[in-house]
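See structure below.
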Protein chains: 2
Amino acid sequence: MTSSDLDADRCFLSYAVELSRRQAAAGLGGPFGAIVVRDGLIIAEGGNEVTAGNDPTAHAEIVAIRRACSSIGNFSLAGATIYASCEPCPMCLAAIYWARLDRLVFANTRAEAAAIGFDDALIYDEIPKPFDQRLLPTLRLALPEALEPFRIWQTSTTKVPY
Amino acid sequence: MTSSDLDADRCFLSYAVELSRRQAAAGLGGPFGAIVVRDGLIIAEGGNEVTAGNDPTAHAEIVAIRRACSSIGNFSLAGATIYASCEPCPMCLAAIYWARLDRLVFANTRAEAAAIGFDDALIYDEIPKPFDQRLLPTLRLALPEALEPFRIWQTSTTKVPY
């Protein structure tokens, strides 16, 4: 990484932090911001909208990813970097993989977020467990008809693979 | 659990599976469906819309959670159960925790999904790792201004905690 790459990273990350500040100051949601950058251009930005939008999935990173994909008309953000004001939670981290982002840059750590009440340690602990050992009561029912849609998908000639 | 509880679970799960079949048959997205049920009523349903909606976060569970919250005007789904045609991926699982759902019921397993090309094993492997040991190139930059929005949040008297 050259010093100008690092300068660009600092600049873009600083903007994501500014979004988090605006979000907190306006009382629109948690103090989190994120942007998606490709080829040196910001293609989308997002702030946490969980409470303002009544959407528990509307973390800044998810909002930015959805807007970026909408903006470029593609479900893949390959070649792009996401800048997040804070270390992503497991939901956002998984979304970053699904979106095929190339790279993640963040500022505040999950420990710093936990210190102000945004604690995702429980979710980090739960995800790797077998489903029947999680705190979330979970039941698996093997329905005989459930695999038929998988067969339809497998044999479809018109599907859009992803 | 009584037999009528199990009957209800089978019935609701079967409907989630039917959504997955429709999604696959119509070529709208991956063969996945989910519904959110509270007090015996379906409050939202969702199918995978990743390709149709150009949204890599639009897994069936996320779509159902967002619609359920929108429908009841609340970011919490406490007291509700999510029925998913397939075992949720880590993104959806984390979203289930953030949405405070009480319970999860699913049919197909992650191994069955992997067998038709929907493999989330890599994401399950990556999430528990320290960020600097993941396959996703990740950089942490401790910006001096980044904690200020956290302080604004902490001292805000008008915030909506969640």
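Quick note on labels: first sequence line is chain A, next is B, and so on, each numbered from 1.
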Find the distance between [atom1] ([X]) and [atom2] ([Y]) and round it off to the nearest 0.5 Å.
X: B/Asn54; Y: A/Ser70; atom1: CG; atom2: OG; value: 7.5 Å
X: B/Leu136; Y: A/Leu104; atom1: CG; atom2: CG; value: 5.5 Å
X: B/Glu148; Y: A/Glu18; atom1: CD; atom2: CD; value: 11.0 Å

Which bit of [X] comes within less than 4.5 Å of chain A, counting heavy atoms only: side chain, backbone, both or neither?
X: B/Ile127; result: both
X: B/Ser14; result: both
X: B/Leu13; result: both
X: B/Asp125; result: neither
X: B/Cys89; result: side chain

* Donor-acceptor pair, B/Asn108 side chain versus A/Ala146 backbone, under 3.5 Å? -> yes

Answer with yes or no whether the hydrophobic clustering places [X] together with [Y]; edges join I, L, V, M, F, W, Y residues whose side-chain heavy atoms lie under 4.5 Å apart.
X: A/Leu139; Y: B/Ile96; value: no
X: B/Ile65; Y: B/Ile43; value: yes
X: B/Phe12; Y: B/Leu19; value: yes
X: B/Val17; Y: B/Val36; value: no
X: B/Ile42; Y: B/Ile72; value: no

* Take atom CG of A/Asp132 as the centre, draw a 6.0 Å sphere, and report whether it contains more than 12 heavy atoms from other residues, nucleotides or ligands. =>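 For A/Asp132, atom CG is crowded (more than 12 foreign heavy atoms under 6.0 Å).
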
* **B/Asp7 atom CG: more than 12 heavy-atom contacts under 6.0 Å** =>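 Yes, because the 6.0 Å sphere around CG of B/Asp7 holds more than 12 heavy atoms from other groups.
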
If you count heavy-atom pairs under 4.5 Å with chain B, which of [options] comes out on top?
options: A/Gly73, A/Ala142, A/Gly27, A/Pro88; result: A/Gly73
options: A/Leu135, A/Leu101, A/Thr158, A/Asn48; result: A/Asn48
options: A/Leu147, A/Asp102, A/Ile62; result: A/Leu147
options: A/Val160, A/Leu28, A/Asp120, A/Thr81; result: A/Val160
options: A/Cys86, A/Pro128, A/Ala113, A/Ser76; result: A/Ala113
options: A/Ala99, A/Pro31, A/Ala94, A/Ala68; result: A/Pro31

Looking at side-chain heavy atoms only, is the closest gap between [X] and [Y] below 4.5 Å?
X: A/Pro90; Y: B/Pro90; result: no
X: B/Val105; Y: A/Leu141; result: yes
X: A/Thr138; Y: B/Arg103; result: no

Considering all heavy atoms of both residues, which atom of [X] and which atom of [Y] are nearest to each other, and what is their separation?
X: A/Gln154; Y: B/Ala115; value: NE2-O, 4.1 Å
X: B/Pro149; Y: A/Ala24; value: O-CB, 3.7 Å
X: B/Ala95; Y: A/Thr57; value: CB-CG2, 4.2 Å
X: A/Phe75; Y: B/Asp55; value: CB-N, 4.1 Å

So which of [options] has the largest heavy-atom pair count under 4.5 angstrom toward chain A?
options: B/Cys69, B/Ala25, B/Ala84; answer: B/Cys69
options: B/Arg22, B/Arg134, B/Lys159; answer: B/Arg134
options: B/Gly33, B/Gly30, B/Pro161; answer: B/Gly30
options: B/Leu77, B/Asn74, B/Thr109; answer: B/Asn74

Give a yes or no on whether the ring-centroid distance for [X] and [Y] is below 6.0 angstrom.
X: A/Tyr162; Y: B/Phe118; value: yes
X: A/Phe106; Y: B/Phe131; value: yes
X: B/Tyr124; Y: A/Tyr97; value: no

* Is A/Arg10 salt-bridged to B/Glu145, cutoff N-O under 4.0 Å? ->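 Answer for the salt bridge query: no.
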
Let me know if [X] has heavy atoms under 4.5 Å from chain B in its side chain, its backbone, both or neither.
X: A/Ile82; result: neither
X: A/Leu122; result: side chain
X: A/Leu93; result: side chain

* Given the rule in the side-chain contact (heavy atoms from CB on, under 4.5 Å) test, do A/Phe150 and B/Phe32 qualify, once you have shown the distances and angles that lead to the verdict? -> CA-CA 9 Å; A/Phe150 279 16; B/Phe32 304 102; 3.7 Å; yes

* Of all residues at least two apart in sequence or in a different chain, which pass the side-chain contact (heavy atoms from CB on, under 4.5 Å) check with A/Val63? -> A/Glu49, A/Ala58, A/Arg67

* **B/Trp98 vs A/Val50, side-chain contact (heavy atoms from CB on, under 4.5 Å): CA-CA, chis, key distance, verdict** => CA-CA 10 Å; B/Trp98 285 128; A/Val50 169; over 6 Å; no

* Should A/Arg140 and B/Glu112 be marked as a salt bridge (charged side-chain N to carboxylate O under 4.0 Å, His left out) after you check the CA-CA gap, both sets of side-chain angles, and the distance that decides it? -> CA-CA 13 Å; A/Arg140 194 239 162 170; B/Glu112 287 163 336; 3.6 Å; yes

